[in-house]
Amino acid sequence: MININIVGDGPRDAATVPYLMKSLLGVEVAAEFEPWARLNTRGGYPGKVLFAILQARDAEKDGLVALVDTDKAPKRGRLKELQEGREKDRMKRAPFPTALGEAVPHGEAWLLDDPVAVRQSLSLSNDLKIATIRNTNSPKETLTALINQSVRRGENMMEVLAEIAKAVRPNRYQHASETGFRGLEEDLRTEFGPLLKR
(Lines give C-alpha, C1' and ligand atoms only; values in the text may rest on other atoms or scores of the structure.)
Protein backbone atom coordinates (compact mmCIF):
# COMPACT_ATOMS: atom_id res chain seq x y z
CA MET A 1 0.00 0.00 0.00
CA ILE A 2 1.11 3.55 -0.67
CA ASN A 3 -0.07 6.46 1.44
CA ILE A 4 -0.39 9.73 -0.43
CA ASN A 5 -1.89 13.19 -0.42
CA ILE A 6 -4.05 14.29 -3.35
CA VAL A 7 -4.62 17.92 -4.23
CA GLY A 8 -7.32 18.58 -6.81
CA ASP A 9 -10.29 20.61 -7.90
CA GLY A 10 -12.90 18.81 -5.83
CA PRO A 11 -14.27 15.71 -4.14
CA ARG A 12 -14.61 13.86 -7.44
CA ASP A 13 -10.82 13.60 -7.57
CA ALA A 14 -10.79 12.21 -4.04
CA ALA A 15 -13.44 9.62 -4.99
CA THR A 16 -11.84 8.39 -8.22
CA VAL A 17 -8.07 8.92 -8.32
CA PRO A 18 -7.05 6.27 -5.74
CA TYR A 19 -8.88 3.61 -7.80
CA LEU A 20 -7.41 4.84 -11.09
CA MET A 21 -3.95 4.69 -9.50
CA LYS A 22 -4.59 1.15 -8.22
CA SER A 23 -5.59 0.07 -11.71
CA LEU A 24 -2.40 1.57 -13.16
CA LEU A 25 0.14 0.70 -10.49
CA GLY A 26 -1.36 -2.51 -9.10
CA VAL A 27 -1.18 -1.32 -5.50
CA GLU A 28 -3.73 -0.21 -2.90
CA VAL A 29 -3.75 3.54 -2.38
CA ALA A 30 -4.69 5.31 0.85
CA ALA A 31 -5.21 8.99 0.19
CA GLU A 32 -6.00 12.20 2.01
CA PHE A 33 -7.56 14.86 -0.20
CA GLU A 34 -7.32 18.63 -0.08
CA PRO A 35 -8.88 21.03 -2.60
CA TRP A 36 -6.71 23.69 -4.22
CA ALA A 37 -8.87 26.39 -2.64
CA ARG A 38 -7.76 25.32 0.86
CA LEU A 39 -4.09 25.85 0.03
CA ASN A 40 -3.96 29.52 0.92
CA THR A 41 -0.56 30.48 -0.36
CA ARG A 42 0.89 32.96 -2.79
CA GLY A 43 2.32 32.16 -6.17
CA GLY A 44 -0.64 30.55 -7.95
CA TYR A 45 -0.39 26.87 -8.83
CA PRO A 46 3.44 26.78 -8.61
CA GLY A 47 3.31 28.07 -5.03
CA LYS A 48 0.46 25.73 -4.11
CA VAL A 49 2.28 22.68 -5.49
CA LEU A 50 5.40 23.65 -3.58
CA PHE A 51 3.36 24.01 -0.38
CA ALA A 52 1.51 20.71 -0.99
CA ILE A 53 4.82 18.88 -1.45
CA LEU A 54 6.10 20.31 1.83
CA GLN A 55 2.88 19.24 3.60
CA ALA A 56 3.10 15.69 2.22
CA ARG A 57 6.78 15.40 3.08
CA ASP A 58 6.20 16.71 6.61
CA ALA A 59 3.33 14.23 7.08
CA GLU A 60 5.70 11.42 6.00
CA LYS A 61 3.48 10.45 3.08
CA ASP A 62 4.83 8.28 0.27
CA GLY A 63 4.03 10.93 -2.29
CA LEU A 64 1.70 13.55 -3.71
CA VAL A 65 -0.66 13.59 -6.68
CA ALA A 66 -1.65 17.06 -7.86
CA LEU A 67 -4.42 17.42 -10.44
CA VAL A 68 -6.13 20.21 -12.30
CA ASP A 69 -8.98 20.39 -14.78
CA THR A 70 -8.36 22.30 -18.00
CA ASP A 71 -11.91 23.65 -18.07
CA LYS A 72 -11.58 26.73 -20.28
CA ALA A 73 -7.87 27.40 -19.73
CA PRO A 74 -5.41 26.75 -22.56
CA LYS A 75 -4.63 23.04 -22.81
CA ARG A 76 -1.55 22.05 -20.77
CA GLY A 77 -1.21 25.61 -19.41
CA ARG A 78 -2.11 24.65 -15.86
CA LEU A 79 0.00 21.50 -16.08
CA LYS A 80 3.05 23.64 -16.83
CA GLU A 81 2.37 25.65 -13.68
CA LEU A 82 2.22 22.44 -11.63
CA GLN A 83 5.51 21.32 -13.15
CA GLU A 84 7.07 24.67 -12.28
CA GLY A 85 6.15 24.18 -8.61
CA ARG A 86 7.59 20.65 -8.58
CA GLU A 87 10.82 21.87 -10.14
CA LYS A 88 11.15 24.65 -7.58
CA ASP A 89 11.04 22.06 -4.82
CA ARG A 90 13.58 19.84 -6.59
CA MET A 91 16.04 22.69 -6.95
CA LYS A 92 16.31 22.78 -3.14
CA ARG A 93 15.63 19.22 -1.96
CA ALA A 94 15.85 15.57 -2.99
CA PRO A 95 12.96 14.62 -5.30
CA PHE A 96 9.76 13.69 -3.49
CA PRO A 97 7.38 11.45 -5.51
CA THR A 98 5.00 13.99 -7.05
CA ALA A 99 2.77 12.98 -9.97
CA LEU A 100 1.01 15.75 -11.86
CA GLY A 101 -1.99 15.56 -14.15
CA GLU A 102 -4.32 17.78 -16.12
CA ALA A 103 -7.74 16.40 -17.04
CA VAL A 104 -9.06 17.67 -20.38
CA PRO A 105 -11.60 19.17 -19.92
CA HIS A 106 -12.25 17.63 -16.46
CA GLY A 107 -11.83 14.36 -14.53
CA GLU A 108 -15.11 12.83 -15.71
CA ALA A 109 -13.44 12.44 -19.12
CA TRP A 110 -11.14 9.83 -17.55
CA LEU A 111 -14.18 7.77 -16.52
CA LEU A 112 -16.25 8.27 -19.66
CA ASP A 113 -13.31 7.14 -21.82
CA ASP A 114 -13.88 3.56 -20.64
CA PRO A 115 -17.43 2.85 -21.83
CA VAL A 116 -17.24 -0.74 -20.58
CA ALA A 117 -16.65 0.46 -17.01
CA VAL A 118 -19.46 3.00 -17.29
CA ARG A 119 -21.90 0.43 -18.71
CA GLN A 120 -21.03 -2.25 -16.13
CA SER A 121 -21.04 0.06 -13.11
CA LEU A 122 -24.36 1.63 -14.04
CA SER A 123 -25.97 -1.62 -15.28
CA LEU A 124 -26.81 0.09 -18.56
CA SER A 125 -28.37 -1.75 -21.47
CA ASN A 126 -26.03 -2.85 -24.26
CA ASP A 127 -28.31 -0.93 -26.64
CA LEU A 128 -27.69 2.40 -24.94
CA LYS A 129 -25.09 4.41 -26.82
CA ILE A 130 -22.35 5.98 -24.70
CA ALA A 131 -20.89 9.10 -26.28
CA THR A 132 -17.15 9.12 -26.81
CA ILE A 133 -15.00 11.98 -25.56
CA ARG A 134 -14.94 13.35 -29.11
CA ASN A 135 -18.74 13.32 -29.32
CA THR A 136 -19.53 15.38 -26.24
CA ASN A 137 -18.83 18.95 -25.24
CA SER A 138 -19.09 18.09 -21.55
CA PRO A 139 -18.05 14.65 -20.26
CA LYS A 140 -19.36 15.74 -16.83
CA GLU A 141 -22.87 16.40 -18.17
CA THR A 142 -22.80 13.26 -20.33
CA LEU A 143 -21.77 11.06 -17.40
CA THR A 144 -24.34 12.68 -15.10
CA ALA A 145 -27.07 12.05 -17.70
CA LEU A 146 -26.05 8.38 -17.95
CA ILE A 147 -26.13 8.03 -14.16
CA ASN A 148 -29.60 9.61 -14.10
CA GLN A 149 -30.82 7.02 -16.65
CA SER A 150 -29.41 4.15 -14.63
CA VAL A 151 -30.41 2.08 -11.62
CA ARG A 152 -27.89 4.17 -9.63
CA ARG A 153 -30.00 7.35 -10.07
CA GLY A 154 -30.45 9.09 -6.73
CA GLU A 155 -27.45 7.43 -5.09
CA ASN A 156 -24.55 9.42 -3.65
CA MET A 157 -22.70 10.80 -6.69
CA MET A 158 -19.22 10.34 -5.19
CA GLU A 159 -19.95 6.68 -4.46
CA VAL A 160 -21.21 6.10 -8.00
CA LEU A 161 -18.14 7.79 -9.51
CA ALA A 162 -15.89 5.70 -7.24
CA GLU A 163 -17.61 2.52 -8.48
CA ILE A 164 -16.98 3.53 -12.09
CA ALA A 165 -13.33 4.34 -11.28
CA LYS A 166 -12.92 0.89 -9.65
CA ALA A 167 -14.10 -0.73 -12.91
CA VAL A 168 -11.93 1.41 -15.21
CA ARG A 169 -9.14 -0.35 -17.07
CA PRO A 170 -6.81 2.17 -18.74
CA ASN A 171 -5.96 -0.36 -21.48
CA ARG A 172 -9.56 0.13 -22.70
CA TYR A 173 -9.16 3.89 -23.03
CA GLN A 174 -9.79 5.20 -26.51
CA HIS A 175 -8.55 8.78 -26.16
CA ALA A 176 -6.10 8.81 -23.23
CA SER A 177 -3.81 11.36 -24.88
CA GLU A 178 -6.68 13.75 -25.61
CA THR A 179 -8.07 13.60 -22.05
CA GLY A 180 -4.66 14.11 -20.44
CA PHE A 181 -4.75 10.68 -18.81
CA ARG A 182 -1.72 9.41 -20.75
CA GLY A 183 0.40 12.19 -19.25
CA LEU A 184 -0.80 11.37 -15.73
CA GLU A 185 -0.16 7.67 -16.32
CA GLU A 186 3.42 8.33 -17.41
CA ASP A 187 4.02 10.65 -14.46
CA LEU A 188 2.58 8.14 -11.98
CA ARG A 189 4.84 5.39 -13.29
CA THR A 190 7.90 7.66 -13.27
CA GLU A 191 7.27 9.09 -9.82
CA PHE A 192 5.92 6.05 -7.97
CA GLY A 193 7.52 3.19 -9.93
CA PRO A 194 10.78 3.24 -7.95
CA LEU A 195 8.81 3.24 -4.69
CA LEU A 196 6.97 0.08 -5.71
CA LYS A 197 10.21 -1.78 -6.45
CA ARG A 198 11.50 -1.49 -2.86
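Keep in mind it's a predicted model, so treat the numbers as computed, not measured. When reading the values below, keep in mind they use all heavy atoms of this one structure, side chains included, and skip hydrogens, waters and symmetry mates.
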Any side-chain to backbone donor/acceptor pair from [X] onto [Y]? Under 3.5 Å, distance only.
{"X": "R152", "Y": "S121", "value": "yes"}
{"X": "R169", "Y": "A117", "value": "no"}
{"X": "T16", "Y": "A162", "value": "no"}
{"X": "R172", "Y": "P115", "value": "no"}
{"X": "N3", "Y": "K61", "value": "no"}
{"X": "H175", "Y": "R134", "value": "no"}

V168 and Y173: which non-hydrogen atoms are nearest, and at how many Å?
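Heavy atoms only, the tightest pair is CG1-OH, 3.3 Å.
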Heavy-atom closest contact (V104 atom, A109 atom, distance):
O-CB, 3.6 Å
Is it true that, when you exclude [X] itself, more than 12 heavy atoms of the residues, nucleotides or ligands shown sit nearer than 6.0 Å to its [atom1]?
{"X": "M91", "atom1": "CE", "result": "no"}
{"X": "E155", "atom1": "CD", "result": "yes"}
{"X": "N137", "atom1": "CG", "result": "no"}
{"X": "Y19", "atom1": "OH", "result": "no"}
{"X": "K22", "atom1": "NZ", "result": "no"}

Using the ring-ring contact (aromatic ring centres under 6.0 Å, His included) criterion, which residues pair with F51? Sequence neighbours excluded.
none
Could you please spell out the steps behind the salt bridge (charged side-chain N to carboxylate O under 4.0 Å, His left out) verdict for R182 and E186?
CA-CA 6 Å; R182 182 76 64 232; E186 290 167 2; 5.0 Å; no
If hydrophobic clusters are built by linking Ile, Leu, Val, Met, Phe, Trp and Tyr wherever their side-chain heavy atoms come under 4.5 Å apart, do V17 and F33 end up in the same one?
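Yes; F33 is reachable from V17 via cluster members.
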Under a single-linkage definition using a 4.5 Å side-chain heavy-atom cutoff for Ile, Leu, Val, Met, Phe, Trp and Tyr, are L111 and L124 assigned to the same hydrophobic cluster?
yes
[X] side chain near [Y] side chain, heavy-atom distance below 4.5 Å:
{"X": "T98", "Y": "L82", "value": "no"}
{"X": "E84", "Y": "E87", "value": "no"}
{"X": "W110", "Y": "L184", "value": "yes"}
{"X": "M157", "Y": "R12", "value": "yes"}
{"X": "D187", "Y": "R86", "value": "yes"}
{"X": "L161", "Y": "I147", "value": "yes"}
{"X": "V7", "Y": "D13", "value": "no"}
{"X": "Q174", "Y": "I133", "value": "no"}

Run the numbers on E81 and K48 for salt bridge (charged side-chain N to carboxylate O under 4.0 Å, His left out), then give the verdict.
CA-CA 10 Å; E81 291 184 61; K48 289 183 177 201; over 6 Å; no
With the threshold set at 4.0 Å, does a side-chain nitrogen-carboxylate oxygen contact exist between K166 and E163?
yes
Worked verdict on H106 versus S138 for side chain to side chain contact (heavy atoms under 4.5 Å, CB included):
CA-CA 9 Å; H106 35 250; S138 174; 4.0 Å; yes
For D113 and F181, run side chain to side chain contact (heavy atoms under 4.5 Å, CB included): C-alpha distance rounded to whole Å, both residues' side-chain angles, the deciding distance at 0.1 Å, then the answer.
CA-CA 10 Å; D113 203 28; F181 191 82; over 6 Å; no
Criterion side chain to side chain contact (heavy atoms under 4.5 Å, CB included) on L39 and E34, from CA distance to verdict:
CA-CA 8 Å; L39 294 176; E34 189 164 17; 3.7 Å; yes
Please walk me through it: do L143 and I164 pass side chain to side chain contact (heavy atoms under 4.5 Å, CB included)?
CA-CA 10 Å; L143 193 55; I164 297 170; 4.1 Å; yes
